[in-house]
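First the structure, in the form of structure tokens, and then the observations on it.
Reckoned from all heavy atoms, side chains included, excluding hydrogens, waters and symmetry mates.
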Amino acid sequence: QVQLVESGGGLVQPGGSLRLSCAASVNAFSINAMGWYRQAPGKQRELVAAINSGGSTNYADSVKGRFTISRDNAKNTVYLQMNRLKPEDTAVYYCNAGLVRGPYENNYWGQGTQVTVSS
């Protein structure tokens, strides 16, 4: 049984901040990398930020310096702190986690949370 539950989305003005959370409920799996993707209407889903099990991070160029990804392994939770938000950040944000059992890894997705940046 695997569940990724996201929270923290909402409506915010340009320049504002939001903090997204994704809590993973897993059984008999180890969590490898976790990340955040986003998809705006009419566009492809794109990687926003990722963090591996060792804490190394990777960001899309469009969010570098504004967003910070972090994780709490004890809580099986990944966060995305979003600062200085822009209208072009508006999208549905999806949590992703790589779950490992034995020699195999599969990716799982959260249901998505809406982020809207507008005056």
query = To the nearest 0.5 Å, what is the distance between CG (N52) and OG1 (T57)?
reply = 8.5 Å

message = Can you tell me how far apart CG (L80) and OG1 (T113) are? Round to the nearest 0.5 Å.
response = 11.0 Å

note = Smallest heavy-atom separation, G98 atom then E105 atom, equals CA-OE2, 3.4 Å

query = Taking side chain as C-beta onward, heavy atoms only, is L20 less than 4.5 Å from V115?
reply = yes

ask   = Is it true that D61 and K64 have a side-chain N and a carboxylate O under 4.0 angstrom from each other?
value = yes

Distance-only donor-acceptor pairs under 3.5 Å for side chains of residues 42-50, two or more places apart:
{"from": "E46", "atom 1": "OE2", "to": "R38", "atom 2": "NE", "distance (Å)": "2.9"}
{"from": "E46", "atom 1": "OE2", "to": "R38", "atom 2": "NH2", "distance (Å)": "3.4"}

query = Tell me, which pairs form a ring-ring contact (aromatic ring centres under 6.0 Å, His included) where one or both residues lie in residues 97-119, sequence neighbours left out?
reply = Y37-W109

message = Rounded to the nearest 0.5 Å, what separates atom CG in L4 from atom CG in L99?
response = 7.0 Å

note = Residue set satisfying side chain to side chain contact (heavy atoms under 4.5 Å, CB included) with R101, at least two apart, ordered chain then number -> A28, F29

request  = Working to the nearest 0.5 Å, report the span between CD of Q81 and CG of L18.
outcome  = 8.5 Å

note = Applied to residues 6-22, the side chain to side chain donor-acceptor pair (under 3.5 Å) test, sequence neighbours excluded, yields S17-N83

message = Restricting to side chain to side chain contact (heavy atoms under 4.5 Å, CB included), what partner residues turn up for V92, sequence neighbours left out?
response = Y94, Q114

ask   = Going through the checks in order, is the side-chain contact (heavy atoms from CB on, under 4.5 Å) test met by T90 and S118?
value = CA-CA 8 Å; T90 296; S118 180; 5.9 Å; no

message = According to side chain to side chain contact (heavy atoms under 4.5 Å, CB included), who are the partners of D72, at least two apart in sequence or on a separate chain?
response = A74, K75, Y79

request  = Hey, could you give me the OG/CG distance between S53 and N73, rounded to the nearest 0.5 Å?
outcome  = 8.0 Å

request  = State, yes or no, whether a side-chain contact exists between R66 and D89 at a heavy-atom distance under 4.5 Å.
outcome  = yes

key: Residue pair M82, V12: steps toward the side-chain contact (heavy atoms from CB on, under 4.5 Å) verdict   = CA-CA 11 Å; M82 304 185 293; V12 65; over 6 Å; no

task = Any chance you could lay out the side-chain contact (heavy atoms from CB on, under 4.5 Å) test for L85 and F67, step after step, and finish with the verdict?
result = CA-CA 9 Å; L85 283 160; F67 292 9; 3.8 Å; yes

note = Output for pair (W36 CH2, I69 CD1), nearest 0.5 Å, gives 8.0 Å

key: Nearest heavy-atom neighbours spanning V5 and Q111   = CA-OE1, 4.1 Å

query = Does some side-chain heavy atom of C95 sit less than 4.5 Å from a side-chain heavy atom of V78?
reply = yes

